[in-house]
Every structure is written in C-alpha cells, then in structure tokens.
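These notes concern the structure reproduced below.
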Amino acid sequence: MTVVRTRIAPSPTGDPHVGTAYIALFNLCFARAHGGKFVLRIEDTDQLRSSRESEQKIFDALRWLGIEWDEGPDVGGPNGPYRQSERAEIYQKHAAQLVEKGHAFPCFCSAERLQQVRREQMEHKQTPRYDGHCLHIPAQEGKRRMAAGESHVIRMKVPTEGICKVPDMLRGTVEIPWDRMDMQVLMKADRLPTYFLANVVDDHLMGITHVLRGEEWLPSAPKLILLYQYFGWQPPQLCYMPLLRNPDKSKLSKRKNPTSITFYQRMGFLPEAMLNYLGRMGWSMPDEREKFSLAEMIEQFDLSRVSLGGPIFDLEKLSWLNGQWLRELPLLRFAEAVQKWALNPDYLLQIAPLVQGRVETFSQIAPLASFFFSGEVPLSAELFTHKKLKADEVRQALQLILWRLEALRDWQKETITACIEQVAASLSLKLRDLMPLIFPAISGAASSVSVLDAMAILGADLTRFRLRKAIECLGGVSKKEAKEWEKRLS
C-alpha cells in the first residue's frame, strides 16, 4: 500500500503569508488523516529575492501555529536536499534529458527581442507568448552554441491544438485548451530551474503522492502534466484549493488585509485560534461547529467537505473566534499567554531604554509606552496637521513611506531611517519634516519615545499596518493618485 506523502513548498522571499499557512494546514491534515508524511521544501531559486532570514521566518511562523513537518531543510530526511538551490545539478540533468529526447530546446533569444515580440503581439491584441523563434534550430547547432557558452534558457515544447484533461480531486476533470499554454522556460540562464521543472522533478524524487495547492495554479496544470508525460512518470493526484479572499471577494492581498502570519502573532492572536480559523477557510466539521483544535480537524478531515466558493478571510470573524478561545482558557494559561506575548523579558528589555530616561515613576510608563502593547492606535485627522504640507501632500508622504517600507527586508532603525530619508529627498524635504507624520501614525500621539527605535521594535508587520490605518484615517489613496505617486519611487 502506497504511503500518502504531501508537501508545502514556500518561497523565502518575504514575510510568511497566511495563504502559505492555509495550504500547509490542509496538506498536513490530509497526510495525517491517511497516516502519511508531510514534507516542507524551500523554493529558493530566485537568487535575488530569497534569503535565509525569510526562510527562518517561515519555519518560525508555521511552528508558532502548530504546524510541524516530517522532512525538511531543518529536520533532514531521506529525500534531501530540501532546498532547491542545493539541487541545481539534479535539475540540470533532467533538463538535459528533455532536450536529448526532443521535448525541450535551447532558446538563445535576448530579453530585448522577447520584449519587442511581446509589444508587437499586444499591439495586435494577441496573447503575449513565445513565438517559437529558436524551436527549429537544428539539434547539433543548439549543442554547439550551448557548448560555446552562449547565454540561453531551456524551454519545453507544448502542443498547439487539442485539450488537456486535468484531474482535480475537488472539481473532477477540468478541460484546458493547449493553445493557452506558452513554451514555458524550464531552466533559466543562470542554470537554475523555474517553478515548473523544479516542482515536477522534486515531487517525483521525493515520492509526493498528493499535491494540494492554490487554485491560481490550475490554469498552468497542463504544463506540469505534460512534463510528467515527457519524463515517463506517474503524476501525483492534484487538488486545487480555493483561494482566500478579502471581504470584497478580491484575492487576499496585503493592500487590503494584513497577510503576514507574524502580524497576527504580534497583534496577540492565539496560534490555536489562528489555525482554527484557517481550518474554517472553505472546510467545515461534520457537526458544523466553529471552534475546533488541530487534532480534531485531523480526526474528522475529509476533502469532500471543502467548498469551492472562495473563502472570505475576515479579520472581524477571526477576532471573534480568537475571543472564544481566550475566554475558554484556564486563568493561569491566559496569564501565561499574555506574559509570553508582550510582558516577556526580551520585549521589555527593548522598550526599557526608551522609557527609562523619560519617566519619574513606574505609573508613567503605561501612558508613554502603551502603543508598544497595542494593535491599532487611536487616530484623528487633526494629529496629522502639518505646518508645511497640505492635506494631500501628507497622504502622499505617508503612502510613499509605506511603499518604501513594504519593500524593506533588512528591518532595523538605520534602514528604516534611510527609507524615510529617501522619501523626504524625493519630496524636496528633510527627515525632520516627515517625523511629525510618523509619530502619530505609529504611536497615536504627536510625540512619544524615539519613534524610529519604536518602529524597529514593533517590527515590519505592525508598523506597516499602522501606516495603512493612518492613510485610511486621512481618506485613503485613489487609483489615479497611486499611479501618479508611484513615479516618485523610481
């Protein structure tokens, strides 16, 4: 009997996303419900954006939620390495096999040529795709040019006619025309694979039997199925989970909803409640109860109970559910959870130097430092009245700062300050001109302890959240304004 094996394969390129936790949870539950194994694999072939810091954040966030894996980069296992960046030779060997069998070909087109083709196709209202320019290069010529070190990628061949039948565990058979498929790049010029090649090779070599992934990948499923056929391998069973959505039904995004797992940790949500809520995303217990543990979900898990309607990730509903968990905690456990969340020595030692020189009694600490222990802070438009800047200029400055900080990966006082200084320079202002906007956005008051130090301590998620709330308090930003203001970031 085949042992069920599922996996999650996040990219360490930013904050750990609730969508990653959602898919990880369902893969974990499916594996455990069938007595199988759950694997964590890191997709870190994007050399510019991937980092070990982001990887560690993924590990920490999933473990905070209570999601554990049987095999992975940090726990080992018989099918490693579990980082794609450490498997380059494996992918190169398999890409070479595809070229040798005539299922793939080297493409020597420059980025400039591909951009020109794309422009022309769009001008003629055609679907942008590779035009097959290098498809018919003779095999010997292709080998000679590759051996000579000419820059190239490896592309897969795809049919131009007919239908691909995709078996989906939730939807049944989904028919997708082949003429929608592009000649996908499998191996980049840096000799590292794209998602398509790496996932197929890794899933096969790691013995993955079932792949539960987000439904945004369903349109590209034919390319994955075709690769399995090219290699002569049996594909795993596929399941495309419904996407998490904002309350307005749009795809969950950080512009409309906090999406980082660490944000919810910093806001003071219980991990059990967060995991419970993710389990409610498109799935339900047989008795329809709303509050349940991970163990109870695994015990009752059945994919047939997944609803295809896009589940709504609603912060108010999550807060309500978290309240149910909090009120049912034993008193001692509640006190311990509060202490672990904000009254732990590590956190207090970061805050203490900022308040020690500004208080005369301990009773003055709470009013001065309360924003360190809050989620949202009280805001009013009056707090952002500025001597130099008009109301629209205030919104613009805050939005530009937010955009800069959203792109910031190295989160510390010096780099935060540099981001704000860049915005000040782009607006022909100085850092001191923007600080009167930062203080109320972060602390809810016109002045406080060092706000730049405070931003470093509060962390990226909470800082960005508060800046978004400040912008909303001032009326938000229209699409037209956003398009115009983004030009100042370049």
Side-chain angles (χ1 to χ4, degrees), residues 12 14-18 20-21 51-68 73-75 258-275 319 322 325-326 329-359 361-377 405-406 408-419 438-439 441-445 448-467:
D15 299 326
H17 199 281
V18 293
T20 299
S51 71
R52 286 296 175 90
E53 290 77 17
S54 290
E55 178 184 298
Q56 189 60 50
K57 285 181 180 179
I58 291 171
F59 296 163
D60 293 343
L62 292 178
R63 287 208 169 96
W64 173 73
L65 287 168
I67 294 175
E68 296 284 350
D74 58 334
V75 299
T259 58
S260 171
I261 301 166
T262 50
F263 166 80
Y264 295 95
Q265 185 178 10
R266 290 289 293 111
M267 283 287 283
F269 286 89
L270 285 173
E272 299 92 337
M274 188 71 189
L275 204 63
S319 298
N322 195 68
W325 277 88
L326 285 177
L329 284 178
L331 189 59
L332 182 59
R333 170 78 174 85
F334 177 83
E336 289 173 345
V338 173
Q339 186 176 30
K340 184 177 180 181
W341 171 64
L343 303 180
N344 61 82
D346 289 343
Y347 192 51
L348 291 177
L349 279 172
Q350 293 179 68
I351 299 167
L354 304 184
V355 300
Q356 187 176 13
R358 297 171 64 98
V359 299
T361 63
F362 289 144
S363 60
Q364 293 174 344
I365 294 175
L368 180 64
S370 61
F371 73 93
F372 282 106
F373 308 97
S374 301
E376 288 189 49
V377 292
L405 293 180
E406 282 178 338
L408 184 62
R409 290 287 166 260
D410 182 20
W411 192 266
Q412 52 185 313
K413 180 182 178 181
E414 292 74 19
T415 53
I416 295 167
T417 304
C419 282
I438 304 295
F439 273 99
I442 302 304
S443 70
S448 72
V449 299
S450 167
V451 74
L452 294 171
D453 284 297
M455 292 165 76
I457 293 169
L458 287 168
D461 298 312
L462 212 47
T463 296
R464 294 166 185 159
F465 174 72
R466 290 185 185 177
L467 284 167

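- Within the 3.5 Å criterion, the main-chain N or O of R266 finds a donor-acceptor partner in the side chain of W341.
- Screening L458, V451, L462 against F371 for a side-chain contact (heavy atoms from CB on, under 4.5 Å) leaves a single residue, L458.
- Taking the side chain as every heavy atom from C-beta outward, D15 and F263 never approach each other to under 4.5 Å.
- Closest heavy-atom contact between P12 and E55: CB-N, 3.6 Å.
- Using a distance-only test at 3.5 Å, with no hydrogens or angles considered, a donor-acceptor pair links the side chain of Y264 to the main chain of P258.
- Rounding to the nearest 0.5 Å places CG of L275 at 10.0 Å from CG of L62.
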For this session: Take L467 and R464, measure what side chain to side chain contact (heavy atoms under 4.5 Å, CB included) needs, and give me the verdict at the end.
Result: CA-CA 5 Å; L467 284 167; R464 294 166 185 159; 5.6 Å; no
For this session: Please lay out, stage by stage, how I438 and M455 fare under the test side chain to side chain contact (heavy atoms under 4.5 Å, CB included).
Result: CA-CA 10 Å; I438 304 295; M455 292 165 76; 3.7 Å; yes
Problem set entry | Residue pair I457, L354: steps toward the side chain to side chain contact (heavy atoms under 4.5 Å, CB included) verdict | CA-CA 11 Å; I457 293 169; L354 304 184; 3.7 Å; yes
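- The closest donor-acceptor contact from the side chain of T415 to the backbone of D410 lies under 3.5 Å.
- Taking the side chain as every heavy atom from C-beta outward, F269 and S319 approach each other to under 4.5 Å.
- C419 approaches L405 most closely through the heavy-atom pair CB-CD2, 3.8 Å.
- Inter-residue side-chain proximity for T417 and E414 is flagged as unmet; no heavy-atom pair is nearer than 4.5 Å.
- R409 places no side-chain N or O within 3.5 Å of a backbone atom of S51 that could act as its donor or acceptor partner.
- Under the 3.5 Å distance criterion, the side-chain polar atoms of S374 are left unmatched by any main-chain donor or acceptor of V377.
- Between V355 and A369, the closest heavy-atom pair is CG1-CB, 4.0 Å.
- Side chain of W411 to backbone of D461: no donor-acceptor contact under 3.5 angstrom is found.
- Between E68 and R63 there is a salt bridge, with a side-chain nitrogen of the basic residue lying less than 4.0 Å from a carboxylate oxygen of the acidic one.
- In this structure, the side chains of I261 and D60 stay at 4.5 Å or more apart for every pair of heavy atoms.
- Between P353 and L349, the shortest heavy-atom distance links the atoms CD-O, 3.1 Å.
- Around CD of Q339, the count of heavy atoms belonging to other residues, nucleotides or ligands within 6.0 Å does not exceed 12.
- Between the OG atom of S450 and the NZ atom of K413 there is a distance of 4.5 Å, given to the nearest 0.5 Å.
- Using modelled atom types, one side-chain atom of N322 and one backbone atom of L270 make a donor-acceptor pair closer than 3.5 Å.
- Note: W325 CH2 to M274 CE = 13.5 Å, rounded to the nearest 0.5 Å.
- With a 4.5 Å cut-off on side-chain heavy atoms, H17 and I58 do not count as touching.
- Annotation: side chain of F373 is in contact with side chain of Y347 (closest heavy-atom distance under 4.5 Å).
- For the pair R466 (side chain) and I442 (backbone), a donor-acceptor distance under 3.5 Å is present.
- From T463, atom OG1 reaches atom CD1 of I416 across 6.0 Å, with rounding to the nearest 0.5 Å.
- Here the shortest heavy-atom pairing between L368 and V359 reads CD2-CG1, 3.9 Å.
- Across W64 and P271, no two heavy atoms sit closer than the pair O-CB, 2.9 Å.
- A donor-acceptor pair under 3.5 Å is absent between the side-chain atoms of T20 and the main chain of P16, judged by distance alone.
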